[in-house]
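None of these values were measured; they are calculated from a predicted model. The figures here come from the full heavy-atom set of this structure, side chains too, leaving out hydrogens, waters and symmetry mates.
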Amino acid sequence: MQFFMDTANLEEIKKYAALGLVDGVTTNPTLIAKEGVDFEKRIKEICEIVAGPVSAEVLATDYEGMLKEARTYAKWAPNVYVKVPMTFDGIRACKTLFDEGIHVNVTLVFTVNQALLAAKAGAKLISPFVGRLDDISEDGMALISDIVEMLSNYRYEAQVLVASVRHPRHVADAAILGADVATIPAAVLDKMFLHPLTDKGIAQFLADWAKFKK
Ligand code: E4P
C-alpha cells in the first residue's frame, strides 16, 4: 500500500520522508491556503522532497480553464499530478489531459459510478472521500470496498486513493480492503505508531532491567 501525505506543510512531509514512508503528497486549495504560501513555489518545493505523485488541484471549474491550469502545473515538475473535480467538465478535462500524457487525480468522488467515469476517462488516481461520507452518516469504507471490487473487474490504469482520512482505523480498513493508496494527514500518521501496551511494555522492560542491574 502506498502512503501519500495529505498536507502542504514541508516540515510534516520531511519528518515522514526521512523514514521512507512518503510515496506521494496530495494538496488541495484548503491545505495550500492554510500554509499561506505561494502555490507554485510550494508545489515545486514538495516535488523536490518527494519523487512520487504530488497532486496540485485546479481552481477553474470550466473545461478550458482546467486545461489551462493543468498544462501550467504539469510544467512545474515531472511528478505533478493534476487534480480535477468529479464533474462533467472535470471528466472531459481528464480525458484530454490523458491524451496529452498529463497524469490526473479525479477528486471529490462519492459513488462507484463517479469512480467508473474517472477510470474510463484515463484518471491515474481516483479519490473517494471517506471522512466526508462518514460525516453525513454514510459509510465511507463501504464505498472503498465497492470501488476496489469494481476496478478489479477490469484493467483500468486507475488506482484508488483513499482521501479524507480522519483516523488510523480508516488507514487500517483501507489496507485490509486492498486500496492502492491512502493519503494521510500527519496527525493520523503520528497516531498510527501508538498503542498503550507498547508504552507499558517498554516501561516494564526498563523497570525490570533497572532492578536487575542494582
Ligand atoms: C485529498 O486529496 C483530499 O483533498 C483530502 O483528503 C480531503 O480531506 P478532508 O475531507 O479532511 O478535507
Side-chain angles (χ1 to χ4, degrees), residues 1-57 73-74 76-83 103-105 107 123-132 134 140-141 144-145 147-148 157-207 209:
M1 185 192 207
Q2 297 173 71
F3 280 9
F4 287 9
M5 284 196 76
D6 199 20
T7 182
N9 182 286
L10 294 185
E11 295 316 309
E12 290 178 353
I13 294 167
K14 283 180 192 163
K15 174 180 168 183
Y16 281 106
L19 273 67
L21 285 176
V22 186
D23 300 305
V25 170
T26 50
T27 67
N28 62 35
T30 304
L31 292 170
I32 298 282
K34 194 173 141 198
E35 297 301 314
V37 291
D38 179 74
F39 181 36
E40 176 178 348
K41 184 167 178 280
R42 181 47 53 97
I43 293 295
K44 286 178 174 171
E45 287 169 336
I46 296 171
C47 287
E48 277 176 23
I49 302 168
V50 176
V54 173
S55 291
E57 187 158 341
Y73 299 175
W76 291 348
N79 52 329
V80 166
Y81 278 48
V82 178
K83 238 185 186 183
H103 293 165
V104 175
N105 173 356
T107 191
K124 288 283 185 296
L125 295 166
I126 299 173
S127 295
F129 279 36
V130 292
R132 293 193 194 187
D134 291 354
M141 219 32 81
I144 301 303
S145 176
I147 293 174
V148 167
E157 280 185 42
Q159 293 193 311
V160 182
L161 190 166
V162 179
S164 190
V165 163
R166 299 278 164 79
H167 47 70
R169 189 69 229 175
H170 275 151
V171 182
D173 287 341
I176 290 163
L177 290 170
D180 302 290
V181 191
T183 188
I184 313 172
V188 174
L189 262 171
D190 291 343
K191 288 181 193 151
M192 287 171 64
F193 285 76
L194 306 176
H195 195 284
L197 290 179
T198 305
D199 297 338
K200 192 178 167 193
I202 292 169
Q204 172 107 50
F205 288 148
L206 292 179
W209 189 253

Seminar exercise, completed: The side-chain contact (heavy atoms from CB on, under 4.5 Å) partner of Val188 among Thr183, Val171, Asp6 is Val171
Exercise. Minimum heavy-atom separation for Leu177 to Val148, with atom names?
Worked result: O-CG1, 3.4 Å
Problem set entry | Least distance between heavy atoms, Arg42 atom then Ile32 atom | CG-CD1, 4.3 Å
Seminar exercise, completed: For residues 174-198, the salt bridge (Lys or Arg N to Asp or Glu O under 4.0 Å) pairs (sequence neighbours left out) are Lys15-Asp190
Problem set entry | 4.5 Å side-chain heavy-atom contact, Ile43 and Val80 | yes
Exercise. What is the distance from atom NE2 of His103 to atom CG of Leu125, rounded to the nearest 0.5 Å?
Worked result: 9.5 Å
For this session: Please say which of Val22, Thr26, Val162 ends up in a side-chain contact (heavy atoms from CB on, under 4.5 Å) with Phe4.
Result: Thr26
Seminar exercise, completed: Rounded to the nearest 0.5 angstrom, the CG-CD distance for Asn79 and Glu48 is 10.0 Å
Exercise. Just wondering, more than 12 heavy atoms not from Gln204 lying within 6.0 Å of its CD?
Worked result: no
Exercise. Any donor-acceptor pair under 3.5 Å linking the side chain of Ser55 with the backbone of Thr27?
Worked result: no
Seminar exercise, completed: With sequence neighbours left out, the residues meeting side chain to side chain contact (heavy atoms under 4.5 Å, CB included) with Asp38 are Glu40, Lys41
For this session: For the pair Phe39 and Tyr73, name the ring-plane relationship: parallel under 30°, tilted 30 to 60°, perpendicular over 60°.
Result: perpendicular
Exercise. Can you tell me how far CE of Met192 sits from OH of Tyr16, rounded to the nearest 0.5 angstrom?
Worked result: 9.0 Å
For this session: Flag the pair Gln159 / Lys124 as yes when at least one side-chain heavy-atom distance between them is below 4.5 Å, and no otherwise.
Result: no
For this session: Please name the pair of heavy atoms, one in Pro128 and one in Ile147, separated by the smallest distance, quoted to 0.1 Å.
Result: CG-CD1, 3.7 Å
Exercise. Could you give the distance from CG (Leu31) to CG (Asn9), rounded to the nearest 0.5 Å?
Worked result: 10.0 Å
Exercise. Can you tell me how far the CD1 atom of Ile13 sits from the CG atom of Leu21, to the nearest 0.5 Å?
Worked result: 13.5 Å
For this session: Hey, could you give me the NZ/OG1 distance between Lys83 and Thr107, rounded to the nearest 0.5 Å?
Result: 4.0 Å
Seminar exercise, completed: For Ile46 and Ala8 the tightest heavy-atom approach is CD1-CA, 4.1 Å
Exercise. Looking only at heavy atoms, what is the nearest atom pair of Gly140 and Val130, with distance?
Worked result: O-CG1, 3.5 Å
For this session: Using modelled atom types only, decide if a donor and an acceptor are shared between the side chain of His167 and the backbone of His170 within a distance under 3.5 Å.
Result: yes
Seminar exercise, completed: Closest heavy-atom pair, Arg132 versus Ser164, reported as atoms and distance to 0.1 Å, is N-OG, 3.1 Å
